[in-house]
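Okay, structure first, notes after.
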2 protein chains.
Amino acid sequence: MRYHKVPDETIRRLPKYLRCLLWLESQGERNVSSVGLAKLVGVNPWQIRKDFSYFGGFGKRGVGYAIETLATEMKKILRLNVVNKAALVGMGNLGRAVLAFSGLEKYGFEIVAAFENDPKKVGERTCGVVVEDVSKIRTLKDRGVYVGIIAVPRGVVQEVADDLLGAGVNGIVKFSPGYITVPKKVKVITIDIAMDFARLPYYMPRNLP
Amino acid sequence: MRYHKVPDETIRRLPKYLRCLLWLESQGERNVSSVGLAKLVGVNPWQIRKDFSYFGGFGKRGVGYAIETLATEMKKILRLNVVNKAALVGMGNLGRAVLAFSGLEKYGFEIVAAFENDPKKVGERTCGVVVEDVSKIRTLKDRGVYVGIIAVPRGVVQEVADDLLGAGVNGIVKFSPGYITVPKKVKVITIDIAMDFARLPYYMPRNLP
DNA sequence: TAATGTGAAACCGTTCACAGCG
DNA sequence: CGCTGTGAACGGTTTCACATTA
């Protein structure tokens with residue numbers, strides 16, 4: 001199946017598989033079947049087998065998957081097997097939380113720079129990172145940073161994105177609302193907490209009075 | 001078209017439409033066409049028209065949509081036209097950020113309670129909410145709270161979810177990793193920042209050395 | 001006339017059933 | 001024999017083209 005395009009939905013699931021594999025590994029497990037992994041992740045076994053099949057199949061028939069090998073393969077596919085240096089722009093509530101969030105290291109991300117507009121925040125040190133003025137975003141060019149994290153108010157999102165792109169960033173995680181235009185080769189992932197909340201009540205049973 | 005099932009993907013887009021409509025409204029605009037709204041949201045015009053058609057069509061042919069009316073309809077469909085009281089469990093980095101996040105009020109959410117395990121945090125007051133001990137989750141039953149927000153370490157997620165469900169919660173926003181089992185009628189929305197980051201490098205052009 | 005609303009076609013992803021293999 | 005890997009059927013979503021209507 002090497003010649004088929006891999007569905008985006010498959011790519012969306014791979015990190016979940018990886019997380020569970022890392023957990024199984026930490027529990028001292030060696031092997032897992034598609035059924036076992038499925039229970040952990042919360043999807044169907046055939047979905048897992050199909051997803052893996054896009055990359056050629058990693059299992060042993062009659063046995064299952066070798067956890068360590070599979071985890072390594074997942075990381076390679078997702079390109080998480082190297083350190084991905086990231087720069088954060090915006091030190092508001094959300095920006096600070098992201099900087100303090102330790103869950104990213106496990107997947108190879110390292111936030112090596114933080115930028116702010118507000119002069120009062122520039123110079124402060126948080127989680128080992130010294131906050132710089134936004135005008136310094138251009139200096140990222142020489143720092144091996146290709147991932148940008150945007151957590152600024154909506155009005156300046158496009159501007160910040162353009163600055164990041166100009167500094168060589170080609171992947172963006174955007175916590176701010178608002179659609180931005182970027183070159184086709186640049187990937188933007190939007191995390192929009194309010195939008196996720198906003199579709200919850202639709203699915204909830206009517207709250208009786 | 002009232003008798004067709006509405007696609008989940010449509011429901012996922014409605015809040016985005018709503019946000020843009022509210023913004024247009026704040027700019028003093030009265031009407032918008034599917035093309036105009038499409039540009040703002042970043043989707044195709046026919047997608048928007050199709051989405052609206054599931055609910056019967058809100059536009060005037062040859063003119064477009066009345067922004068205020070449409071926004072009101074969106075809110076009604078999403079059930080955001082009433083106050084949704086929510087309870088937060090877990091006052092770590094992420095929990096605090098969510099509590100401080102002001103973007104939820106606009107959509108009718110009000111975080112009226114916060115719970116923590118750690119006795120040192122119990123009693124502190126943040127953003128107008130006094131932190132209570134997790135054992136008090138059961139008291140939610142009488143407080144008109146139907147939305148639970150989980151931001152606790154992975155080991156205790158299921159336990160916290162069960163407590164919330166026992167207290168009458170029937171919609172959960174979960175920031176913690178790990179699959180949880182809940183009754184079918186309960187909706188769980190998972191926001192998993194690390195998983196969103198983890199699929200970014202796959203889509204990024206190769207970082208040359 | 002300019003924009004909506006909508007069947008039908010095309011596309012994509014999921015599910016199934018079972019062949020293939022260790 | 002058990003579990004993986006996969007072509008084919010299925011179902012849901014997007015796209016299209018155009019009839020419709022203020």
Between A/Gly62 and B/Val63, which residue's closest nucleotide on DNA chain C lies nearer the 5′ terminus? B/Val63

Contacts of A/Asn44 and B/Gly57 projected onto DNA chain C by closest heavy atom; the upstream (5') one is B/Gly57

When the distance from [atom1] of [X] to [atom2] of [N] is rounded to whole Å, what number comes out?
X       : N      : atom1 : atom2 : result
A/Asp51 : C/dT14 : CG    : P     : 7 Å
B/Trp46 : D/dA17 : CH2   : P     : 9 Å
A/Gln47 : D/dT4  : CD    : P     : 15 Å
B/Arg49 : D/dA17 : CZ    : C1'   : 11 Å
B/Arg61 : C/dA3  : CZ    : P     : 14 Å
B/Leu37 : C/dT4  : CG    : C1'   : 13 Å
B/Glu9  : C/dT14 : CD    : C1'   : 14 Å
B/Asp8  : C/dT14 : CG    : P     : 13 Å

When all nucleic acid strands are considered with a 4.0 Å heavy-atom cut-off, which category describes [X]: base, sugar-phosphate, or nothing?
X       : result
A/Arg12 : nothing
A/Phe52 : nothing
B/Tyr65 : sugar-phosphate
B/Thr10 : nothing

Point-to-point distance, once rounded to the nearest 0.5 Å, from CD of A/Gln27 to CD1 of A/Ile67: 10.0 Å

State whether the side chain of A/Glu116 and the backbone N or O of A/Asp118 hold a donor-acceptor pair below 3.5 Å, judged by distance alone. yes

Would you say A/Arg30 has more than 12 foreign heavy atoms packed within less than 6.0 Å of its CZ? no

Kindly say if A/Ser34 contacts the phosphate of D/dT4, meaning a side-chain N or O under 4.0 Å from OP1 or OP2. yes

For a quick check, tell me whether the side chain of A/Lys50 and the base of D/dG7 share a donor-acceptor pair closer than 3.5 Å. yes

With a 4.5 Å heavy-atom cut-off, do A/Arg199 and B/Arg12 have their side chains touching? yes

How are the rings of B/Phe197 and A/Phe175 set relative to one another: parallel (under 30°), tilted (30 to 60°) or perpendicular (over 60°)? tilted

With respect to the side chain of A/Tyr54, which nucleotide from D/dT4, C/dT14, C/dT6 is positioned closest? C/dT14

